[in-house]
Amino acid sequence: MTAPSLDRWNILYRGPLSSCNYACGYCPFAKRRNSAAELRDDARHLARFCDWVEDQRPREIGVLFTPWGEALIHRAYQQAMVRLSRMPHVYRVAIQTNLSCPLDWMREADLGALALWATFHPGEVPLDRFAGQCARLCQAGVRHSVGAVGFKEALPAIRDLRHRLDPGTYLWVNANKRDAGYYGEEDLAAFESIDPHFRLNAKRHPSLGQPCRAGHTSFTVDGSGDVRRCHFIGEVLGNLYAGEIAGDLRRRRCPNESCGCHIGYVHLEPLDLYTVFGDGVLERIPDGWGGAASGAAARRI
């Protein structure tokens with residue numbers, strides 16, 4: 001796998017949306033609702049970002065939406081996914097989602113560019129319902145990864161999910177790193193049998209002084225257009241809407257002691273994970289995994 005061109009930008013967008021229809025105990029946005037005015041404001045920010053992306057031709061662009069909460073239950077994000085997928089210079093538009101939304105809006109999208117990063121939340125949704133949504137994605141040829149948080153008590157449900165998913169769908173597991181020593185060797189092996197890359201996520205990676213694509217060919221954008229290297233470094237590099245951003249992007253070394261989140265450490269150059277994930281780096285699909293049913297043609301959802 002050759003390295004992506006420097007003319008390709010991978011952009012993580014997170015607007016002011018901060019609400020979710022699920023009630024996960026570890027999440028500060030659980031069962032929080034934005035007001036109608038807040039949703040309209042978020043939609044305006046989102047439309048402005050899409051306008052900016054459209055003006056970036058011919059530069060190749062990838063977008064991953066990483067909202068605080070669940071975005072795809074809102075029509076504005078469904079429309080943005082469709083719109084961005086149909087832009088010829090957007091090679092990928094992906095979003096993190098609990099997959100609780102209807103799927104019919106994808107009929108209008110270019111499925112060659114659209115992808116989903118879907119998370120299963122045991123206790124918030126029946127396995128049958130979630131697995132049924134994944135099956136519909138496979139039947140329609142929608143590229144997607146599926147995952148869950150690796151709490152030890154969730155292991156049986158995650159195993160059941162693996163059995164229910166199409167063999168071509170990558171199932172990732174996010175490790176619980178809040179509790180030191182949470183996993184014993186048997187636990188690590190059990191989750192690794194589901195996600196072959198689990199041990200990579202089960203530790204924080206030393207990053208201080210390490211070269212990283214964040215701030216160079218990958219960066220984050222908030223609703224106001226402020227650009228940062230990643231979600232874990234607060235320094236603002238520039239603003240999308242204040243002029244040409246390319247001059248603010250360059251190779252940088254990480255100022256943090258360590259990095260423990262996939263959307264951060266995947267860009268650390270010494271880990272060489274662009275070789276592992278290839279064009280699936282945004283939607284978290286390793287190179288060689290299908291993300292949809294093998295040979296499935298796009299058809300009505």
*Please check if the side chain of R250 supplies one atom and the backbone of H216 the other of a donor-acceptor pair under 3.5 Å.*
no
*With a 3.5 Å cut-off and no angle check, do the side chains of H205 and S258 form a donor-acceptor pair?*
no
_Side chains of T97 and E70: any donor to acceptor distance under 3.5 Å?_
yes
_Electrostatic pair D51:R48 at N-O distance under 4.0 angstrom_ = no
*asked:* Does K152 have more than 12 heavy atoms from other residues, nucleotides or ligands lying within 6.0 Å of its NZ?
replied: yes
*With side chains defined as the heavy atoms from C-beta onward, is the minimum distance between V82 and W105 less than 4.5 Å?*
yes
*Indicate yes or no: does E257 engage R204 in a salt bridge with an N to O separation below 4.0 Å.*
no
_Check whether F277 forms a cation-pi arrangement with R284 (NZ or CZ under 6.0 Å from the six-membered ring centre, at most 45° off the ring normal)._
no
*Whether E244 side chain and A246 backbone form a donor-acceptor pair below 3.5 Å*: yes
*So, the side chain of K203 versus the backbone of G260: is there a donor-acceptor pair under 3.5 Å, distance only?*
no
*Can the ring centres of F198 and Y183 be said to be less than 6.0 Å apart?*
yes
*Please check if the distance between the ring centroids of H144 and W289 is under 6.0 Å.*
no
*Output yes when R213 and E269 qualify as a salt bridge under the 4.0 Å nitrogen-oxygen rule, no when they do not.*
no
_For E186, I'd like to know if atom CD has over 12 heavy atoms of other residues, nucleotides or ligands within 6.0 Å._
no
*Between H267 and F219, does the ring centroid distance fall short of 6.0 Å?*
no
*Does R251 CZ have over 12 foreign heavy atoms under 6.0 Å away?*
no
*Do V142 and L114 come within less than 4.5 Å of each other through their side chains, counting heavy atoms only?*
yes
*Does a salt bridge link D279 with R8, judged by any charged N lying under 4.0 Å from a carboxylate O?*
yes
*Please answer whether the main-chain N or O of L271 pairs with a side-chain N or O of Q210 as donor and acceptor at a distance below 3.5 Å.*
no
*Backbone of A115 reached by a side-chain donor or acceptor of R143 within 3.5 Å*: no
_Is it the case that the side chain of H45 and the backbone of G223 share a donor-acceptor pair, with hydrogens and angles ignored and the cut-off at 3.5 Å?_
yes
_Do the side chains of E235 and R228 get close enough for a salt bridge, i.e. N-O under 4.0 angstrom?_
no
*Between R86 and E108, does at least one N-O distance fall below 4.0 Å, as a salt bridge requires?*
no
*asked:* Using modelled atom types and a 3.5 Å cut-off, is there a donor and acceptor pairing between side-chain atoms of N34 and backbone atoms of S18?
replied: yes
*Can you tell me if N10 and Y91 form a side-chain donor-acceptor pair at under 3.5 Å?*
yes
